[in-house]
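Below is one structure, written out as structure tokens; comments come after it.
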Amino acid sequence: MTHRTIHLFRKGLRLHDNPSLVWALESSAVVYPVFVLDRAFLDGAMRMGALRWRFLLQSLEDLQTRLVALGSRLYVLQGGYEAGLRQLVRRWGVTQLTFDTEVEPFYARLDDSLRSLCEELGVLVHSGVAHTLYDVRRIIKANGGEAPLTYKKFLQVQSILGEPDKPAREITPQDFQKCKTPMEEGNEEQYRVPSLEDLGIEVDLEVLWPGGESHGLKRLEKHLESEGWGENFSKPRTIPNPLLPNTTGLSPYFSVGCLSVRSFYYRLSNIYAQSKNHSLPPVSLQRQVLWREFFYTVASSTPNFTKMAGNPICLQIGWHENQEALEKWKEARTGFPWIDAIMTQLRQEGWIHHLARHAVACFLTRGDLWISWEEGMKVFEELLMDADYSVNAGNWMWLSASAFFHQYTRIFCPVRFGRRTDPEGQYIRKYLPVLKNFPSKYIYEPWTAPEEVQLEARCIIGKDYPLPMVDHVEVSQRNMCLMRQLRSEQEGTAQLTRDVADDPVEIGVKREHQDHGPSEERTSKHFSPDGDHKTQVCSWASDPIRLPELSGEVMRPRTVT
DNA sequence: ATTGCGTTGTCGGG
DNA sequence: CCCGACAACGCAAT
């Protein structure tokens with residue numbers, strides 16, 4: 001009970017399940033809750049966009065309110081960590097620093113510099129893991145020193161470890177009676193939570209995701225209480241283009257730690273234990289949390305996890321650099337209404353359904369545009385309210401078939417995928433009002449609408465809404481071919497014969513979604529070692545089609561001998 | 001060496 | 001709405 005402690009909030013912007021704050025309260029006579037608002041760090045390393053800034057500031061406001069209610073307060077320090085903390089340690093006579101450790105490289109570096117600063121100043125450090133279910137180092141250790149690279153393997157390792165640590169105890173007003181937060185007269189202004197205006201950040205978009213622990217908890221309760229939610233929720237069956245989110249909507253709160261994954265995990269376990277209907281347990285939701293854990297684990301032990309170059313688990317691909325095509329994707333001008341509607345929702349709301357993420361990610365990378373997943377990752381990081389270093393990069397590698405997932409022939413069709421669950425195109429009509437008058441028949445591919453239909457809809461394709469930037473059937477077939485080649489090149493030549501034995505050209509031609517005569521029947525395949533097929537594949541692949549020219553030896557189709 | 005599997009592809013048919 | 005066929009990868013179990 002003798003320390004004078006700064007508890008440093010970074011993520012973990014909550015009072016429930018906050019073990020290092022509990023530690024601070026139990027070991028100190030005085031605790032100063034501090035958040036360092038380091039813009040260089042948050043704009044740079046964290047790549048925060050305006051909506052994420054707003055969410056963060058709201059979360060800090062909420063933290064402040066909750067701390068005040070307990071008889072404490074939050075000190076927000078603007079500027080760099082080191083200079084700021086050095087000054088406060090001296091001024092406040094601090095003897096201990098508590099914080100949550102984080103695994104991202106930029107946080108880990110910050111951890112190190114905080115430790116050396118504390119060593120220099122003679123300040124004790126107490127830190128622990130609170131952002132993930134487990135200390136991911138335990139998972140890596142249990143797997144023999146390497147991160148498991150498949151989800152299945154990950155679950156095996158997790159079963160060895162057993163259940164995660166229980167959430168920390170609640171913090172009560174009594175804690176802050178025993179352990180004071182000294183208030184300094186006249187510094188309210190200096191250490192308050194800044195506004196967006198203070199920071200010169202402009203956002204005029206509706207608040208759909210108010211930041212903060214209070215809102216997160218409210219949202220959590222609302223969903224848990226709604227009939228059957230906890231038991232019937234199953235991820236793969238949610239609809240990818242909802243007008244209202246039909247998923248939990250909790251991810252933004254987990255990403256900055258307004259909510260605790262441990263508390264959530266145990267909450268679901270309790271629902272399962274008390275449920276009469278054990279046939280539909282909320283395990284699928286727990287599995288979502290475990291997916292997050294999986295990506296955190298791999299990210300923590302993989303060099304250059306958010307890059308292709310120097311990343312040992314990432315397939316090296318000669319992605320095309322095409323700023324113009326990238327801009328069209330980012331700004332919802334691809335000419336594919338389904339894709340553009342998703343990108344519009346992303347920009348306006350900071351949230352899109354996970355399957356919608358898959359669709360646009362596939363489109364940008366291996367499906368259509370053949371642009372690096374890193375570019376898409378950066379856009380998501382800026383715009384998604386739930387942006388998360390590890391999960392985001394992991395999913396982009398997944399979707400681009402660069403790591404974890406390898407079935408590159410499974411390409412989302414930007415026309416049909418959405419139509420399956422939303423044949424009337426309500427989602428498109430909402431986010432792309434310019435197309436709202438099109439008949440459902442044409443809403444997913446308005447460029448096929450006859451001129452009179454376009455006039456009737458008062459939207460001329462090519463003028464009021466762009467023509468499709470690529471021919472999906474052509475480019476996706478070409479991309480499959482490229483992918484197959486670069487993989488066989490990187491793997492050696494053992495599988496080449498098998499790889500090119502059956503020719504994708506026919507498939508590509510006959511799978512037109514517009515009326516395009518009945519397909520020729522596919523006869524039984526002949527696996528002939530004949531080399532003619534190979535050259536045929538390659539010459540087709542190098543045909544100039546409506547896409548940027550190929551470049552780089554990795555993806556250049558070559559004649560196989 | 002061979003087989004089976006993978007959180008979320010597409011298509012056609014019932 | 002669900003199923004199987006399709007085509008097909010890396011990885012792990014056998």
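Only this structure's heavy atoms are used, side chains among them; waters, hydrogens and symmetry mates stay out.
In this structure, His406(A) places its NE2 atom 7 Å from C1' of dC11(C), rounding to the nearest Å. Between the CG atom of Asn143(A) and the C1' atom of dC11(C) there is a distance of 14 Å, rounded to whole Å. With rounding to whole Å, His358(A) atom NE2 is found 12 Å from dT7(B) atom P. In this structure, Gln156(A) places its CD atom 12 Å from C1' of dC11(C), rounding to the nearest Å. Between Arg357(A) atom CZ and dT8(B) atom C1' the separation is 14 Å, expressed in whole Å. Residue Trp398(A) contributes atom CH2, which lies 9 Å from atom C1' of dT8(B) at whole-angstrom precision. Per the geometry, CD1 belonging to Ile313(A) stands 14 Å off C1' belonging to dC11(C), to the nearest Å. As rounded to whole Å, 15 Å separates atom P of dC6(C) from atom CZ of Arg410(A).
Between dG4(C) and dG4(B), the distance separating the two P atoms is 16 Å to the nearest Å. Rounded to whole Å, the separation between the P atoms of dA7(C) and dT7(B) comes to 24 Å. Between the P atoms of dA1(B) and dA8(C), the separation comes to 23 Å (whole Å).
Between Arg267(A) and Glu221(A) a salt bridge is recorded (basic side-chain N to carboxylate O distance below 4.0 Å). A salt bridge between Glu146(A) and Lys153(A) is absent, with no side-chain N of the basic residue lying under 4.0 Å from a carboxylate O of the acidic one. With respect to Lys330(A) and Glu382(A), no salt bridge is recorded, no charged nitrogen being found less than 4.0 Å from a carboxylate O.
Residue Phe363(A) is tested with Trp329(A), Phe336(A), Trp370(A) for a ring-ring contact (aromatic ring centres under 6.0 Å, His included); the sole match is Phe336(A). Checking each of Phe294(A), Trp373(A), Tyr151(A), Trp291(A) against Phe404(A) for a ring-ring contact (aromatic ring centres under 6.0 Å, His included) leaves exactly one that passes, namely Phe294(A).
For Gln288(A), taking side-chain heavy atoms from C-beta onward, the closest of the listed nucleotides dT10(B), dT7(B), dT8(B) is dT7(B). Closest approach to the Cys413(A) side chain among dA8(C), dT8(B), dT10(B) is made by dT10(B) (side chain taken as heavy atoms from C-beta onward).
Annotation: His131(A) is in aromatic contact with Tyr296(A) [ring centroid separation under 6.0 Å].
If you check every strand for non-hydrogen atoms under 4.0 Å, Tyr151(A) touches sugar and phosphate atoms only.
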Once Watson-Crick and G-U wobble pairs under 3.5 Å are found, how is DNA chain C written in dot-bracket notation, 5' to 3', with | for any base paired to another strand?
||||||..||||||
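Atom CD of Glu327(A) sits in a crowded spot, with more than 12 heavy atoms from other residues, nucleotides or ligands closer than 6.0 Å.
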